[in-house]
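So that the names make sense, note that chain A is the first sequence line, chain B the second, and so on, each numbered from 1.
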2 protein chains.
Amino acid sequence: MVGIVDVAKMAKVSTATVSRVLSNNMNVSSKTRDRVLKAVNQLEYKPNRLASNLRKMSSKTVMAVVPDITNPFFSSILQGFKDVALEFGYHVLLGDTGNSLEQERDYINLVKERVVDGLILATARLPKEEILAASQEIPVVLACEYMDGFDIPTVSIDNVSAGREAVEHLIRLGHRRIGMITGPLDVILSKDRVKGYYQALNLNEIPIEGVLIQEGNFSVTSGYETMLKLLALKDPPTAVFATNDEMAVGAMKAIKQRGLQVPNDISVIGFDDIPLCGLVEPELTSVSQPRYDMGYQAMQMLLSIIKKEELTRNQIVLPHRLMLRDTCCKRPSPML
Amino acid sequence: MVGIVDVAKMAKVSTATVSRVLSNNMNVSSKTRDRVLKAVNQLEYKPNRLASNLRKMSSKTVMAVVPDITNPFFSSILQGFKDVALEFGYHVLLGDTGNSLEQERDYINLVKERVVDGLILATARLPKEEILAASQEIPVVLACEYMDGFDIPTVSIDNVSAGREAVEHLIRLGHRRIGMITGPLDVILSKDRVKGYYQALNLNEIPIEGVLIQEGNFSVTSGYETMLKLLALKDPPTAVFATNDEMAVGAMKAIKQRGLQVPNDISVIGFDDIPLCGLVEPELTSVSQPRYDMGYQAMQMLLSIIKKEELTRNQIVLPHRLMLRDTCCKRPSPML
DNA sequence: GACAATTTTGTAATCGATTACAATCCGGTT
DNA sequence: AACCGGATTGTAATCGATTACAAAATTGTC
């Protein structure tokens, strides 16, 4: 393996000079620079990053922690991460927790061992305090989930408002019995969207009924199964709001299977606006999040923190948007 | 930051001993081991991996190169990669090429700079020779794409046979005019599936017609658009085989939009068997690949190569399976 | 041409864990 | 008690690039 000393020897300079040419580039006469560069090319010298990393105390690598890469929502975020990272010469380590709390915690240790310089959490199952503690010791940015009252660097949408707006849309269409299929209630994001649901009902003076709120786990089948429960009620909802698109599609399956129609009998709204929305029939109305952008901005923020730059803002709320498609319509005339 | 010397001091041993306790664990008396471990815990010592990496000349990290993480097929493979890697204490760097040849090449350099110990390519746009050259210098495993006649470590399915079987299924149902929507023809995988198409037609003495073969780019819209072209033929096909599910779904959209029915008017088969297949209507018949398993085995192979273990086989062909669903049926009675 | 100011280059310490090699310890044997 | 062999521990070199500091070279000024 050819090292920096070989280059130095060939160019008849010291290793310091070679290093200078290859990094800062300042304070080297163009004559010697050329000589060094020629040697570098001739020997096909590639600096050993392991050595460089040790000396600089940085791995130039960050970790992206997501609950499940297989989910198109998160894979888009990842892409945002990667593009910024690349731009600044950083690499992205893949951290898929498979929704395990343990693994989430393990990843925090990687920073302490200097395997990575920082962390982006696109999932937050860990207790707030633990995350807060970590964020004070090491560079961490939270993507997707906003933690009320904690000053942790965050990029997210306003999930409460997004939830409220989705439900208000249904109310505006005349619906009064509105079912909600939520994700696991131990993740903040789910709680926030339920909060939005409450707000919408309260604003419109519609009484809240516990049975109309069902907990799923973000999977298609959980959407299917919880929808069956809602349909089994003596007085089933005329509209359903699911906190992600997969569950919404599962719900649609259940509705159709019971011989009912979407949206004529029951309206459905999803969340995330993944490509799937345009592929099912009828096409699914959904709340769109700027997922790529969230990833992009979160990584920008993380790298700023790593470089100890001053942050203008350390909490960014991005806009969401209700994408109207074909799964919502006026409430069927009530048969009083 | 607490280092190994601090631990050594506290435990009143040398750094060598501390290191021994933390790694090999052999040849250390239990008395001193306990003492060291106590110090490690008390000081919350975390070894600095950067130093360790330099000394051991290994980053304990590998890179997974995929064309597009957003594609559920590749994200599943990634998960397979990650699970094996984790098991052996390795990390996975995310390499998304966005189908760019340049980036694919850049990633090879990362090994030379020792940023990663090895590479898994789940895409192979680079010329065969270049990949072969790389594989002789550094640990590389090819996932998904099998290169004829080159002895490069590979995990894949038999794309030729898979393509042939899909088309034969259509022929068995009575179809004789069978359209093919293929992925970009510069990737081996596409070529192989087309080869299978040819074989099936030849075996059944059906003449091959160039216009029936259309090139897409794996996207839904490309499937939609190429299907429109097929439908515009004077004598359109009664069945279509797409080399991935997204294009198949795009084709279904086009068919329905023209007022035709799937499968009654036109049968459709996709490839990959991603979850989407079960969500569209009618549910899509597709060739299933063991994607997680491919990732899993490819990573096992790569780690073996890195550790310079003897490989029993360095080319693995995994089984595929035609998943019958609702998009194929007998050819509509020909109106002669 | 002498001297100061500045630029360019070199020397050697440094990052922190690992490990080859040397030293020491300990129990058993004669 | 002397000695041996194996187990345990310590010393110091090592990985290869970076960089603080020192030295040398160059430029400019009078």
Report summary line: note: B:E113, atom CD; D:dG16, atom C1'; distance rounded to Å ~ 14 Å
Query - Residues in salt bridge (Lys or Arg N to Asp or Glu O under 4.0 Å) contact with B:D117, at least two apart in sequence or another chain - result: none
Query raised in the report: How does protein contact run along nucleotides 22-27 of chain D, one letter per nucleotide 5' to 3', with B for base contact, S for sugar-phosphate only, - for none, heavy atoms under 4.0 Å?
Result: ------
Report task. Could you note down all residue pairs passing side-chain hydrogen bond (donor to acceptor under 3.5 Å, both in side chains) where residues 133-150 of chain B supplies at least one of them, sequence neighbours left out? Result -> none
Query raised in the report: Got a sec, which pairs hit side-chain hydrogen bond (donor to acceptor under 3.5 Å, both in side chains) with one end in residues 27-40 of chain B, sequence neighbours left out?
Result: B:S29-B:T32
Report summary line: Here the distance between atom P of C:dG16 and atom CG of B:L50, to the nearest Å, is 10 Å
**Report entry** Qualifying side-chain hydrogen bond (donor to acceptor under 3.5 Å, both in side chains) pairs with a residue from residues 76-98 of chain B, counting only residues at least two apart or across chains
**Finding:** A:T70-B:Q79, A:Q79-B:D96, A:D96-B:Q79, B:S76-B:R291, B:D83-B:Y292, B:E87-B:Y296
**Report entry** Separation of C:dG16 C1' from B:D6 CG (nearest whole Å)
**Finding:** 11 Å
Query raised in the report: Are any non-hydrogen side-chain atoms of B:V40 and B:L22 less than 4.5 angstrom apart?
Result: yes
Query raised in the report: So how far off straight is the helix from C:dG1-D:dC30 to C:dT30-D:dA1, going by the axes through five pairs at either end, to 10°?
Result: 50°
**Report entry** Gap between atoms NZ and C1', on A:K9 and D:dG16 respectively (whole Å)
**Finding:** 13 Å
Query raised in the report: Mind checking what makes side chain to side chain contact (heavy atoms under 4.5 Å, CB included) contact with A:A16, not counting sequence neighbours?
Result: A:S14, A:R20
Query - Distance test, side-chain N/O of B:S19 to OP1/OP2 of C:dT19, below 4.0 Å - result: no
**Report entry** B:P290: side chain to side chain contact (heavy atoms under 4.5 Å, CB included) partners, not counting sequence neighbours
**Finding:** B:I157, B:D293, B:M294, B:L318
Query raised in the report: Do any side-chain nitrogens or oxygens of B:T17 fall under 4.0 Å of OP1 or OP2 in D:dG10?
Result: yes
Report task. Looking at every strand, decide which applies to A:V13 at a 4.0 Å heavy-atom threshold: base, sugar-phosphate, or nothing. Result -> sugar-phosphate
Query raised in the report: Between A:S304 and A:Q300, is there a donor-acceptor pair closer than 3.5 Å when you use the side chain of the first and the backbone of the second?
Result: yes
Query raised in the report: Can a side chain N or O of A:T32 be found less than 4.0 Å away from OP1 or OP2 on C:dT8?
Result: no
Requested in this report: For the pair B:R49 and A:E113, find out whether any cationic side-chain nitrogen is under 4.0 Å from an anionic carboxylate oxygen.
Outcome: yes
**Report entry** Sequence-distant partners of A:E102, salt bridge (Lys or Arg N to Asp or Glu O under 4.0 Å), two or more places apart
**Finding:** A:R105
Query raised in the report: Rounded to the Å, how far apart are A:I4 CD1 and C:dT11 C1'?
Result: 14 Å
Shorter than 3.5 Å, N or O on both sides, protein versus nucleotides 12-15 of chain D: list them out with atom names.
unit_1 : atom_1 : unit_2 : atom_2 : d
D:dT14 : O2     : B:R55  : NH1    : 2.8

Requested in this report: Grab the CG-P distance between B:L22 and C:dT18 for me, whole Å please.
Outcome: 7 Å
Requested in this report: Tell me whether the OP1 or OP2 atom of D:dA17 has a side-chain N or O from A:S52 closer than 4.0 Å.
Outcome: no
Which pairs, protein N/O on one side and nucleotides 21-27 of chain C N/O on the other, fall under 3.5 Å?
none

Query - Side-chain donor or acceptor of A:T61 paired with backbone N/O of A:S59 under 3.5 Å - result: yes
Query raised in the report: Quick one: on DNA chain D, does B:N27 or A:R49 contact a more 5' nucleotide (nearest heavy atom)?
Result: B:N27
Report summary line: With sequence neighbours left out, the residues meeting salt bridge (Lys or Arg N to Asp or Glu O under 4.0 Å) with A:D151 are none
Report task. Please state how far atom OH in A:Y45 lies from atom P in D:dG16, giving the value in whole angstrom units. Result -> 10 Å
Query raised in the report: Pick the nucleotide of DNA chain D nearest each of A:M1 and B:R35; which residue has the one closer to the 5' end?
Result: B:R35
